Number of protein chains: 2
Amino acid sequence: MPIDGLATQLRKGVIEYCVLAMLKEAPLYGGEVIQLLRTKGQILVSEGTIYPLLSRLRSEGFVETEWRDTPTGAPRRYYRLSRSGQKAVADFRAERFRFRDSVNEIFPDGGRQK
Amino acid sequence: MPIDGLATQLRKGVIEYCVLAMLKEAPLYGGEVIQLLRTKGQILVSEGTIYPLLSRLRSEGFVETEWRDTPTGAPRRYYRLSRSGQKAVADFRAERFRFRDSVNEIFPDGGRQK
DNA sequence: CAAGGAACCTTGTATTGCAAGGCTTGATCG
DNA sequence: CGATCAAGCCTTGCAATACAAGGTTCCTTG
C-alpha cells in the first residue's frame, strides 16, 4: 500500500465532511469515528488523521465536545454536531454534486458504469 | 472567493486525471488545457496550478511532450498521453467509483438528489 | 509496583492547488 | 531601430490536508 497514493489524494477535503455527516446521527468519540468510517464506508483512517481533523472541526465551530468518564480507562471526548456544522454539511453536499457533474462532463463515459 | 476553500480541497487528486482524460482525445498545450477545463467542466484553474501539474505528469511518465513553433509568438509545448498515462486514467476511474460509493454509504441520502 | 490497554494529542513529512511574479519569443507601433 | 505588448511557459512561496510515528494520561490487572 502506497504511503501517499491515488486514494489518499481523493480523500482530501472529503473525510472531514464524512465525519460531520456521521455526527448528524449521534455524538461519537474518536475511536467510534474511526470504526464507523471503516464499517460503513470501507474507509480506513488512522489516529494521526482523525485527531488533528477533529481538532480542526472544533476550532472552526462545526462541533462541540464533552468529556465523559468511562469504566474501562481513559476518558473519552465526545463530538456533537453544531448548528454551523449542519450548514457545513449541507454546503458540502451541494458542492460535491456540482463538482461530480463537472468531472463527469470531462471523463469519457461519465459516471454510468456499474 | 476564499483562497483555499471547500471546492479547492475537493479538487485535490482529481484535476490531474481530468487533464489526462482530456489528453485521451488529442494532444493539447497548456492554454488549451486551461480553456477546456473551463468550457467542458466549469472548472477554473490558473497557470500556477496547471504548469506544475503538467510538469509532474511528465516526470511521472504519464505524458510525452513536443515543442511546436507558432506563427503568433512563443512556441508551445504539446502534451500527449503515454501508454502508462492511459493506465493511470483507468486506475483512477476505478478508484473514483469505489470512493464515491463509500462516501454515498456514509452520507444520508447518498447520491440520489436532483 | 510494573505491565498493558484504551484514549487522546503532537510533531514532522509529502502532496496538492494556488497566487504572484519572472522569462522568452515574435509582432506591432512610434 | 527601440519600445511595447501579448502569448506561452516556468519558478517560488504559501496554505491545507492526510498520514506515520511517537508520546502522554488514565485505569485495571498481575
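Heavy atoms only: backbone and side chains are in, while hydrogens, waters and symmetry mates are out. As the structure is a computational prediction, the values presented were derived from the model and not from experiment. The chains referred to below are lettered A, B, ... by the order of the sequence lines, with proteins before strands, and numbering in each begins at 1.
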Quiz prompt | Flag side-chain contact, heavy atom, 4.5 Å: A/R68 against A/P27 | solution = yes

Quiz item: Sub-3.5 Å donor-acceptor pair from the side chain of B/T49 to the main-chain atoms of B/V45, do we have one?
Solution: no

Quiz item: According to a strict under-4.0 Å criterion, is B/R77 in side-chain N/O contact with OP1 or OP2 of D/dC9?
Solution: no

Exercise. Would you indicate, yes or no, if C/dT25 has its OP1 or OP2 atom less than 4.0 angstrom from a side-chain nitrogen or oxygen of B/R76?
Key: no

Quiz item: Do A/K12 and C/dT15 share a donor-acceptor pair, side chain to base, under 3.5 Å?
Solution: yes

Quiz item: Within a strict 4.5 Å, meaning less than it, do heavy atoms of the B/E16 and B/R11 side chains meet?
Solution: no

Self-check item: Angle between terminal axes - the helix from C/dC1-D/dG30 to C/dG30-D/dC1, 5 pairs each end, rounded to 10°
Solution: 30°

Practice problem: For A/R76 and A/T70, run side chain to side chain donor-acceptor pair (under 3.5 Å): C-alpha distance rounded to whole Å, both residues' side-chain angles, the deciding distance at 0.1 Å, then the answer. | Solution: CA-CA 7 Å; A/R76 300 168 175 168; A/T70 68; 5.0 Å; no

Self-check item: B/R68 side-chain N/O to D/dG8 phosphate OP1/OP2 under 4.0 Å
Solution: no

Exercise. Kindly give the heavy-atom pair with the smallest separation between A/Y17 and B/F107, and that separation in Å.
Key: O-CZ, 3.6 Å

Exercise. Would you kindly compare A/E16 and A/D69 by the position of their nearest DNA chain D nucleotide and give the one closer to the 5′ end?
Key: A/E16

Exercise. Have a look at A/L28 and tell me which of A/V63, A/L36, A/L54 forms a side chain to side chain contact (heavy atoms under 4.5 Å, CB included) with it.
Key: A/L36

Quiz item: Could you state the CG-P distance from B/L10 to C/dT16, rounded to the nearest angstrom?
Solution: 16 Å

Quiz item: How many angstroms lie between atom CD of A/Q42 and atom CG of B/D101, to the nearest 0.5 angstrom?
Solution: 10.5 Å

Quiz item: Near DNA chain D, which residues from residues 27-36 of chain B have a heavy atom under 4.0 Å away?
Solution: B/Y29, B/G30, B/G31

Quiz item: Which part of the nucleic acid does A/Y79 contact within heavy-atom distance under 4.0 Å: base, sugar-phosphate only, or nothing?
Solution: sugar-phosphate

Quiz prompt | Spacing between B/W67 atom CH2 and D/dG8 atom C1', to the nearest angstrom | solution = 8 Å

Exercise. Could I get the full list of salt bridge (Lys or Arg N to Asp or Glu O under 4.0 Å) partners for A/R83, not counting sequence neighbours?
Key: none

Practice problem: Can you sort out which residues in residues 37-59 of chain B have a heavy atom within less than 4.0 Å of DNA chain C? Ascending by number, please. | Solution: B/V45, B/S46, B/G48, B/T49, B/L53, B/R56

Exercise. Could you check how far CZ of A/R11 sits from P of C/dT16, rounded to whole Å?
Key: 15 Å

Quiz item: Among all residues two or more places apart in sequence or in another chain, which pass the side chain to side chain donor-acceptor pair (under 3.5 Å) test with B/E64?
Solution: B/R80

Quiz item: After noting the C-alpha distance and the side-chain angles of B/T65 and B/R58, does the key distance pass the side chain to side chain donor-acceptor pair (under 3.5 Å) rule?
Solution: CA-CA 8 Å; B/T65 70; B/R58 187 165 31 119; 4.7 Å; no

Quiz item: Which nucleotide in the list C/dC8, D/dC26, D/dA18 gets nearest to the side chain of A/I15?
Solution: D/dA18

Quiz item: Tell me the ring pair (Phe, Tyr, Trp, His ring centres under 6.0 Å) pairs involving residues 36-78 of chain B, sequence neighbours left out?
Solution: B/Y29-B/Y78

Exercise. With the side chain of B/Q9 defined as its heavy atoms from C-beta on, choose the nearest nucleotide among D/dC26, D/dC9, D/dT17.
Key: D/dT17

